Amino acid sequence: MSRQLQKILQTEHFHKLGHRSGSMDLCITIKGVSFLLQAGLGILANVVVLLAYIHIMLTDLNLQPVDMIMCHLAFADLMLLLTRCIPQTMTVFGLRNLLDDGGCKVVIYTYRIARALSVCITCMLSVFQAVTVAPASGPYLSRLKAKLPQLVIPTFAMLWFINMAVCIAAPFFSVAPRNGTVPPFTLNLGFCHVDFRDNLSYVINGVAVSVRDFAFVGLMLGSSVYILVLLHRHSRKVRGIRRPQQGATMETRAAKTVLMLVVLYAVFFGIDNVIWIYMLTVTQVPPVVADMRVFFSSCYASLSPFLIISSNKKVKARMVCAASDQEQQTVDNKDSNVKN
């Protein structure tokens with residue numbers, strides 16, 4: 001009787017293990033496919049946006065300040081996806097020992113800079129667009145509007161310098177994963193560990209990053225509210241006019257694109273920071289929580305280029321021209337094959 005009971009208990013134990021194993025495999029598959037789609041589609045879309053703007057720059061020999069900022073935003077988002085989503089996807093699918101200590105330091109440092117540039121450039125885009133659509137009510141604002149194209153490149157250089165300096169501490173805490181348990185106050189990224197050694201450095205790093213991000217997000221939201229007020233006033237003025245000026249229409253369209261980008265960033269920024277605040281309250285972060293933060297913090301980088309493509313007529317026109325040229329080349333190749 002005891003042997004039969006032992007067999008029954010062993011059978012139930014094996015069934016439970018099999019059920020857990022199946023659930024874990026399904027969870028890993030869902031995470032892997034999610035990261036793979038996010039990385040693949042996001043990288044492709046950002047590359048398309050970059051190529052479209054490069055083509056515009058080579059053919060028109062002139063980019064508007066907003067176009068230059070969006071081009072730089074696509075580059076920063078591409079860096080973010082390459083240094084975060086690609087290693088994360090490979091780790092989820094079971095690839096281990098991807099990077100050594102030196103590789104982790106380079107990847108984490110590049111990712112931190114790309115993430116910081118993403119929020120800074122989105123903020124820059126919102127502020128520059130607010131200045132562009134603002135009515136020139138005084139000599140100072142008129143001079144500022146005229147100097148906007150000359151201020152874009154210096155602002156890029158300043159943002160790169162500031163963020164490279166602010167993120168310089170990240171490589172010192174980044175190491176390749178070690179066998180065994182994860183030490184306390186360590187961010188387990190799967191392919192790398194960010195070991196802060198003690199609670200003080202862990203909290204200081206988290207607070208510093210959050211303060212910087214909240215400052216830029218607050219600035220972009222303030223400028224976006226100002227743009228909304230100006231657009232509302234403009235719509236009231238032109239409500240009875242059938243044909244508004246072309247320049248005003250282009251500025252309004254660009255302003256709406258900027259507003260959508262800001263809203264998109266604010267949504268995922270909020271989700272990201274809710275998870276980040278939770279991570280600051282625990283000594284060991286569960287891997288599933290770290291994966292969720294990676295996914296939501298990378299959503300803006302993968303979705304923003306689709307918003308740019310759908311709302312920017314210049315980018316869309318370059319894509320249509322490229323598709324038409326490819327189709328025409330295919331037809332010509334078929335005709336030449338038939339003649340031969």
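Since this is a predicted model, take the numbers as computed values, not measurements. Side-chain atoms are counted along with the backbone in the values below, which use heavy atoms only and exclude waters and symmetry mates.
Taking the side chain as every heavy atom from C-beta outward, Val49 and Leu73 never approach each other to under 4.5 Å. Counting only heavy atoms from C-beta outward, the side chains of Asp77 and Ser304 approach each other to under 4.5 Å. When side chains are defined from C-beta on, Phe128 counts as touching Val152, because their heavy atoms get closer than 4.5 Å. Side-chain contact check for Arg115 versus Asp272: some heavy-atom pair is nearer than 4.5 Å. Met68 is not listed as a side-chain neighbour of Tyr53, based on a closest heavy-atom distance of 4.5 Å or more. Side-chain atoms of Gln129 and Ile69, non-hydrogen and from C-beta on, never get closer than 4.5 Å to each other. Residues Phe295 and Arg84 fail the side-chain proximity criterion, which asks for heavy atoms closer than 4.5 Å. Counting heavy atoms from C-beta on, the side chains of Val175 and Cys192 never come closer than 4.5 Å.
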For Ile153 and Phe156: C-alpha separation, side-chain torsions, deciding distance, then whether side chain to side chain contact (heavy atoms under 4.5 Å, CB included) applies.
CA-CA 5 Å; Ile153 301 299; Phe156 285 155; 4.2 Å; yes

Which is it for Tyr300 and Leu80 under the side chain to side chain contact (heavy atoms under 4.5 Å, CB included) test, yes or no, and what are the steps along the way?
CA-CA 10 Å; Tyr300 176 75; Leu80 188 152; over 6 Å; no

Go through the steps to decide whether Val133 and Leu231 satisfy the test side chain to side chain contact (heavy atoms under 4.5 Å, CB included), and finish with yes or no.
CA-CA 8 Å; Val133 300; Leu231 288 179; 5.6 Å; no

With side chain to side chain contact (heavy atoms under 4.5 Å, CB included) as the test, would you mind laying out the steps for Val119 and Met220 before giving the verdict?
CA-CA 9 Å; Val119 58; Met220 77 169 70; 4.0 Å; yes

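Taking OG of Ser298 as the start and CD of Gln88 as the end, the distance is 8.5 Å to the nearest 0.5 Å. If you take CZ on Phe306 and CG on Leu44, they are separated by 6.5 Å, rounding to the nearest 0.5 Å. Rounding to the nearest 0.5 Å places CE of Met124 at 4.5 Å from OG1 of Thr155. For the atom pair CG (Leu259) and OG (Ser311), the distance works out to 11.0 Å, reported to the nearest 0.5 Å. In this structure, OG on Ser126 lies 13.5 Å from CD1 on Ile121, to the nearest 0.5 angstrom. Rounding to the nearest 0.5 angstrom, the gap separating the OG1 atom in Thr122 from the NE2 atom in His72 is 11.5 Å.
Both Val107 and Met79 are assigned to one and the same hydrophobic cluster, defined by single-linkage of ILVMFWY side chains at heavy-atom distances under 4.5 Å. Cluster annotation: Leu99 is connected to Met90 through the hydrophobic network of ILVMFWY side chains, with a link wherever side-chain heavy atoms come within less than 4.5 Å. By the criterion of side-chain heavy atoms lying less than 4.5 angstrom apart, applied directly or through intervening Ile, Leu, Val, Met, Phe, Trp or Tyr residues, Val127 is not grouped with Tyr226; the two fall into different hydrophobic clusters. Grouping the Ile, Leu, Val, Met, Phe, Trp and Tyr side chains by contacts below 4.5 angstrom, directly or via other members, places Val47 with Ile56. Residue Tyr278 is grouped with residue Phe214 when hydrophobic side chains (ILVMFWY) are merged at heavy-atom distances under 4.5 angstrom, including chains of intermediate members.
Between Phe75 and Trp160, the ring-plane angle classifies as tilted under the 30° and 60° cut-offs.
For the pair Cys123 and Phe216, the tightest heavy-atom approach, listed with the atom from each and the gap, is SG-O, 3.4 Å. Leu230 and Ala134 make their closest contact through CD1-CA, 3.7 Å (heavy atoms, listed as atom of the first residue, atom of the second, distance). Heavy atoms only, all atoms of each residue included: Arg212 and Cys167 are closest at NH1-SG, 4.0 Å. Taking both residues in full, the closest heavy atoms of Tyr111 and Ser297 are given as OH-OG, 4.0 Å, listed atom of the first, atom of the second, then distance. Of all non-hydrogen atoms in Leu307 and Thr257, the two that sit nearest each other are CD2-O, 4.4 Å. When all heavy atoms of Leu81 and Gly42 are compared, the closest pair comes out as CD1-C, 3.5 Å.
Judged by distance alone, the side chain of Ser302 and the main-chain N or O of Cys299 form a donor-acceptor pair under 3.5 Å. No donor-acceptor pair under 3.5 Å is formed between the side chain of Ser118 and the backbone N or O of Ala114.
For Met158, the CE atom counts as densely surrounded, since its 6.0 Å shell holds more than 12 non-hydrogen atoms of other residues, nucleotides or ligands.
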